[in-house]
Colleague: 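Submitted below is the structure of interest, expressed as structure tokens.
Heavy-atom basis, side chains included; hydrogens, waters and symmetry copies ignored. Along the sequence shown, residues are numbered consecutively beginning with 1.
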Amino acid sequence: MNKKFIVFLSSRKSWTLPYIIFSAIFVIIPLFLIVVYAFTDDSGHLTLANFQKFFEHPEAINTFVYSIGIAIITTLVCILLGYPAAWILSNSKLNRSKTMVVLFILPMWVNILVRTLLRLPCSTFSVPLGEGALIFGMVYNFIPFMIYPIYNTLQKMDHSYIEAAQDLGANPLQVFLKAVLPLSMPGVMSGIMMVFMPTISTFAIAELLTMNNIKLFGTTIQENINNSMWNYGAALSLIMLLLIAATSLFSTDDKDNSNEGGGLW
């Protein structure tokens, strides 16, 4: 037995052991507990009452739909602002300094709560802390997660496609729409996932930038957990996880279809 264990430790398969242990403790077990709590009541009996409670409360459903809307708006704004920034950073003719890349990526190293304290200058200049401040704070916090994957994709893109399009007589707009944009879509999809998913589940940004006047779905989950309503909070968490999983599957299907396209034109 000891010999087999030593042989296992000396093999490459043993390298996966720390990742398996980490995943089991911090991913698999928490997800399992969420599922168990979601389908049980306070007495530990199996029930669907937690999900029924969600669908019977219009306020919870409205908060869920509103959170999706905020996440979509935040993601779209991040794309509109992040794609040009990523393109400028990846274009050697427009950006000759690697320092600019570091400056754009630097906010990702700062704690999200610290970045959200921008509400203090908002209060100083009497900027109303409401929906506009919420969206601004969301974009401010998550736009680096949109810029970096797009920049990384554009940086590694094969520029021979662009040269071929130019040789065929395509103007700059056609080059972008027919060559650059399709080739950068994997980075765009990665950025969408990195922005959309945390935006749905966040609650600290809404609390700080709206003085808790606007509630997102993450806030509803937090309130139920803080009030020891573990079962209902777990059911809400599971609903959110299913939405995120569906979004992830949709993103994967889009990538597969783009890879099977067979050409840019």
Side-chain angles (χ1 to χ4, degrees), residues 12 15-16 19 68-110 112 115 135-202 243-265:
R12 290 188 176 182
W15 297 356
T16 62
Y19 301 100
I68 295 176
I70 291 293
I72 292 174
I73 293 174
T74 301
T75 304
L76 291 176
V77 174
C78 285
I79 293 175
L80 293 176
L81 297 178
Y83 197 102
W87 184 75
I88 292 172
L89 292 175
S90 64
N91 195 322
S92 58
K93 295 181 180 179
L94 300 176
N95 177 35
R96 299 180 181 276
S97 175
K98 296 298 183 182
T99 306
M100 289 297 296
V101 180
V102 177
L103 291 177
F104 271 89
I105 305 303
L106 192 61
M108 297 177 65
W109 302 346
V110 182
I112 188 171
R115 297 201 302 270
I135 295 175
F136 178 80
M138 292 284 195
V139 173
Y140 176 80
N141 277 286
F142 294 116
I143 194 170
F145 298 96
M146 179 67 70
I147 293 176
Y148 182 72
I150 298 177
Y151 163 77
N152 192 39
T153 302
L154 292 174
Q155 188 73 13
K156 297 178 180 179
M157 185 174 58
D158 188 354
H159 290 272
S160 62
Y161 289 104
I162 299 177
E163 296 173 357
Q166 293 171 342
D167 292 339
L168 292 172
N171 58 44
L173 180 60
Q174 291 174 326
V175 170
F176 174 76
L177 294 177
K178 297 292 186 178
V180 177
L181 186 59
L183 290 173
S184 63
M185 283 309 295
V188 174
M189 294 306 301
S190 297
I192 290 174
M193 295 303 301
M194 294 177 68
V195 172
F196 183 79
M197 290 192 295
T199 303
I200 292 179
S201 59
T202 188
L243 173 64
I244 294 174
T247 307
S248 302
L249 292 175
F250 177 76
S251 173
T252 303
D253 291 340
D254 283 348
K255 289 181 181 179
D256 293 339
N257 292 334
S258 63
N259 291 334
E260 296 172 1
L264 296 172
W265 305 92

Colleague: Answer whether the closest heavy-atom distance between the side chains of Ile150 and Ile79 falls below 4.5 Å.
Modeller: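 No, too far: nothing below the 4.5 Å cut-off.
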Colleague: So, do Met146 and Ile192 sit near enough that their side-chain heavy atoms are less than 4.5 Å apart?
Modeller: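 The answer is yes; the side chains approach within 4.5 Å.
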Colleague: Are any non-hydrogen side-chain atoms of Ile135 and Met138 less than 4.5 angstrom apart?
Modeller: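 Sidechains of Met138 and Ile135: no contact.
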Colleague: For the OG1 atom of Thr202 and the CE atom of Met197, what is their distance to the nearest 0.5 Å?
Modeller: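 If we round to the nearest 0.5 Å, Thr202:OG1 and Met197:CE are 13.5 Å apart.
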Colleague: What's the separation between atom CE in Met194 and atom SG in Cys78, rounded to the nearest 0.5 Å?
Modeller: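 These two atoms lie 11.5 Å from each other.
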Colleague: Find the distance between CD1 (Ile73) and CD1 (Ile68) and round it off to the nearest 0.5 Å.
Modeller: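 Here the rounded value is 12.0 Å.
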Colleague: Please lay out, stage by stage, how Leu183 and Asp158 fare under the test side-chain contact (heavy atoms from CB on, under 4.5 Å).
Modeller: CA-CA 9 Å; Leu183 290 173; Asp158 188 354; 5.9 Å; no
Colleague: Output the distance between atom CD1 (Ile147) and atom OG (Ser90), rounded to the nearest 0.5 Å.
Modeller: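 OG of Ser90 is found 11.5 Å from CD1 of Ile147.
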Colleague: Just do the ring pair (Phe, Tyr, Trp, His ring centres under 6.0 Å) check on Tyr83 and Phe176 with the steps written out, would you?
Modeller: CA-CA 12 Å; Tyr83 197 102; Phe176 174 76; 5.7 Å; yes
Colleague: Using the side-chain contact (heavy atoms from CB on, under 4.5 Å) definition, which of the options Thr199, Val77, Thr75 pairs with Val139?
Modeller: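 Among Thr199, Val77, Thr75, the one meeting side-chain contact (heavy atoms from CB on, under 4.5 Å) with Val139 is Val77.
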Colleague: So, taking the atom named CD1 in Ile143 and the one named CG in Leu81, what distance separates them when rounded to the nearest 0.5 Å?
Modeller: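 The distance works out to 4.5 Å.
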Colleague: Could you tell me which non-hydrogen atom of Pro186 sits nearest to which non-hydrogen atom of Pro182, and how far apart they are?
Modeller: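 Closest approach of Pro186 to Pro182, heavy atoms only: CD-O, 4.1 Å.
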Colleague: Of the non-hydrogen atoms in Pro144 and Pro149, which two are nearest, and what is the gap between them?
Modeller: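 Closest pair (atom of Pro144, atom of Pro149, distance): O-CD, 4.4 Å.
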Colleague: Hey, what do you get for CG (Leu177) to CG (Leu173), rounding to the nearest 0.5 Å?
Modeller: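 Answer for the CG-CG pair, Leu177 versus Leu173, is 4.5 Å.
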Colleague: Between Leu89 and Gln155, is any pair of side-chain heavy atoms under 4.5 Å apart?
Modeller: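 Result no, sub-4.5 Å side-chain heavy-atom pair not found.
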Colleague: Please check if the side chain of Asn152 supplies one atom and the backbone of Tyr148 the other of a donor-acceptor pair under 3.5 Å.
Modeller: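 No.
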Colleague: Would you say the side chain of Phe196 lies within less than 4.5 Å of the side chain of Ile72, judging by non-hydrogen atoms?
Modeller: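 When only atoms from C-beta onward are counted, Phe196 and Ile72 do touch, with a gap below 4.5 Å.
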Colleague: Check whether any side-chain N or O of Thr74 sits under 3.5 Å from a backbone N or O of Ile70 as a donor-acceptor pair, and report yes or no.
Modeller: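 Present.
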Colleague: How are the rings of Tyr140 and Phe136 set to each other: parallel, tilted or perpendicular (split at 30° and 60°)?
Modeller: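 The rings of Tyr140 and Phe136 lie parallel, inter-plane angle below 30°.
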